[in-house]
Amino acid sequence: MQKKEETAAVPQRLNKYLSDAGVCSRRQADRYVEEGRITVDGKAAELGQRVLPEQQICVDGKPIRISRKRVLLAVNKPRGIVCTTQKKEKDNIVDFIHYPERIYPVGRLDKESEGLLLMTNDGELMNEILKARNGHEKEYQVKVDKPVTKQFLRKMAQGVAILDTVTRPCKVRQTGPCSFRIILTQGLNRQIRRMCEVLGYRVKELKRLRIMNITLGDLPEGQYRDVTETEFRELERLTGRRSVWKNRKE
């Protein structure tokens, strides 16, 4: 009897359960609850509700189960693909990748942009990467519509007023007459495009090359790869969380 008590499952919040299942983020899960799209054992779910693995949890009428396989993919997103799990968007990234496990994008890369995107079924890891206060680096290659000047580079690096705030200081270096690389530590909506517009430039091409220690490398456009064990362990170190690499491989 004592042994059974020690191994009994512990209830967890519904939003965390759905995040771990690769359905959506915790915030999205709460929205789904408010919209009445989630049921637990046939009854409408409630915000903050705790659930057990043996309970029947459905989203839009479809049963959800947590996969024990931890997935983290590096994807080379082409232009025209939208970083959403919403099926109503015909060019959504989930259908484009068509991965056999439930996964979702870590953050966004706007439709007109291309390059590195991480996709996972690990909601906790996603949250750690996206926390603005952590200041994780993301690197981009950008091409604009006219010659880059020293004044432009200086202003970009110092911070630009957009969206009722001033962007954090960042690293910028010129790579060609009309191109530059930039390393950001925040992720405001269409941040680079907005920064350039304020300074009188228009972005023609934008490609993300790196997220923290994960790089795009020579990954072909439209393809994906599994993040390596070495990359995954370093990512965990940078986010400051306990390693789950062994669980990820089960």
Side-chain angles (χ1 to χ4, degrees), residues 25 73-84 89 91-93 96 105-119 126-225 227 231 234-235 237-239:
S25 68
L73 305 179
V75 181
N76 188 346
K77 184 192 91 67
R79 295 176 69 173
I81 300 300
V82 183
C83 295
T84 181
E89 171 56 63
D91 295 319
N92 73 80
I93 188 67
F96 178 78
V106 180
R108 296 182 62 85
L109 190 59
D110 63 54
K111 187 174 182 177
E112 297 85 1
S113 300
E114 59 187 307
L116 182 62
L117 177 71
L118 299 181
M119 297 190 70
M126 184 190 77
N127 291 335
E128 289 300 323
I129 293 173
L130 294 180
K131 284 178 182 176
R133 67 173 181 269
N134 290 339
H136 298 313
E137 290 189 347
K138 299 181 181 68
E139 184 172 358
Y140 303 81
Q141 175 69 31
V142 187
K143 182 178 180 180
V144 289
D145 62 340
K146 58 185 181 182
V148 169
T149 65
K150 291 182 179 179
Q151 182 182 29
F152 169 79
L153 295 173
R154 185 177 66 254
K155 289 183 177 180
M156 289 286 285
Q158 290 174 343
V160 179
I162 62 171
L163 300 173
D164 299 322
T165 187
V166 176
T167 59
R168 291 176 184 168
C170 61
K171 300 175 184 177
V172 188
R173 67 179 177 87
Q174 188 168 358
T175 56
C178 299
S179 64
F180 63 93
R181 283 199 183 187
I182 183 169
I183 300 175
L184 302 180
T185 57
Q186 64 186 138
L188 301 177
N189 182 258
R190 298 173 66 86
Q191 181 171 343
I192 296 172
R193 295 179 187 275
R194 292 178 189 274
M195 291 170 72
C196 288
E197 287 171 4
V198 168
L199 300 178
Y201 287 72
R202 182 175 62 85
V203 171
K204 297 179 68 176
E205 297 177 12
L206 193 156
K207 177 183 284 190
R208 185 155 62 196
L209 306 177
R210 177 172 64 89
I211 299 174
M212 299 172 68
N213 65 303
I214 311 298
T215 59
L216 184 64
D218 58 2
L219 183 65
E221 183 179 286
Q223 300 298 306
Y224 64 82
R225 66 173 178 84
V227 167
E231 289 173 323
E234 176 63 8
L235 194 64
R237 186 191 70 79
L238 291 171
T239 56

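- Without hydrogens or angle criteria, Asn76 side chain to Leu219 main chain gives a donor-acceptor distance under 3.5 Å.
- Nearest heavy-atom pair, Leu216 versus Arg208, reported as atom, atom and distance to 0.1 Å: CD2-O, 3.8 Å.
- Minimum heavy-atom separation, Leu116 to Ala74: CD1-CB, 3.8 Å.
- Heavy atoms only, all atoms of each residue included: Cys83 and Arg108 are closest at O-NH1, 3.0 Å.
- The aromatic rings of Phe152 and Tyr201 lie tilted to each other, with the angle between the two planes from 30° to 60°.
- At a threshold of 4.5 Å between non-hydrogen side-chain atoms, the residues Cys170 and Ile183 do not count as touching.
- A distance of 15.5 Å separates NZ of Lys150 from NZ of Lys155, quoted to the nearest 0.5 Å.
- Looking at Ser113 and Arg193, their side chains do bring a donor and an acceptor atom within 3.5 Å of each other.
- In this structure the side chain of Pro177 never reaches within 4.5 angstrom of the side chain of Pro147, judged on heavy atoms.
- Across all non-hydrogen atoms, the minimal contact from Val160 to Met156 is CG2-CA, 4.2 Å.
- A donor-acceptor contact under 3.5 angstrom links the side chains of Asn189 and Arg194, judged on distance only.
- Heavy-atom minimum distance, Phe96 versus Pro78: CZ-CG, 3.6 Å.
- Looking at Val106 and Leu117, their side chains never come closer than 4.5 Å, going by heavy atoms from C-beta outward.
- Looking at every heavy atom in both residues, Leu238 comes nearest to His136 through O-CE1, 3.5 Å.
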**Item:** Test side-chain contact (heavy atoms from CB on, under 4.5 Å) applied to Val203 and Cys196, step by step
**Value:** CA-CA 7 Å; Val203 171; Cys196 288; 3.8 Å; yes
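- Here Arg181 pairs with Glu139 in a salt bridge; the nearest charged N to carboxylate O distance falls below 4.0 Å.
- In this structure, the side chains of Val75 and Met119 come closer than 4.5 Å at one or more pairs of heavy atoms.
- Between the side chains of Thr167 and Gln191, not a single donor N or O lies within less than 3.5 Å of an accepting N or O.
- Lys171 NZ: 12 or fewer foreign heavy atoms inside a 6.0 Å radius.
- Here the side chains of Leu118 and Ile214 are in contact, with some heavy-atom distance below 4.5 Å.
- Ion pairing of Glu197 with Arg190 is absent here, as no side-chain N (NZ or NE/NH1/NH2) approaches a carboxylate O to less than 4.0 Å.
- Under the 4.5 Å side-chain criterion, counting only non-hydrogen atoms from C-beta, Val227 is not in contact with Leu235.
- Counting heavy atoms from C-beta outward, Arg210 and Glu137 have side chains that approach closer than 4.5 Å.
- Between Leu206 and Tyr140, some side-chain heavy-atom pair lies under the 4.5 Å cut-off.
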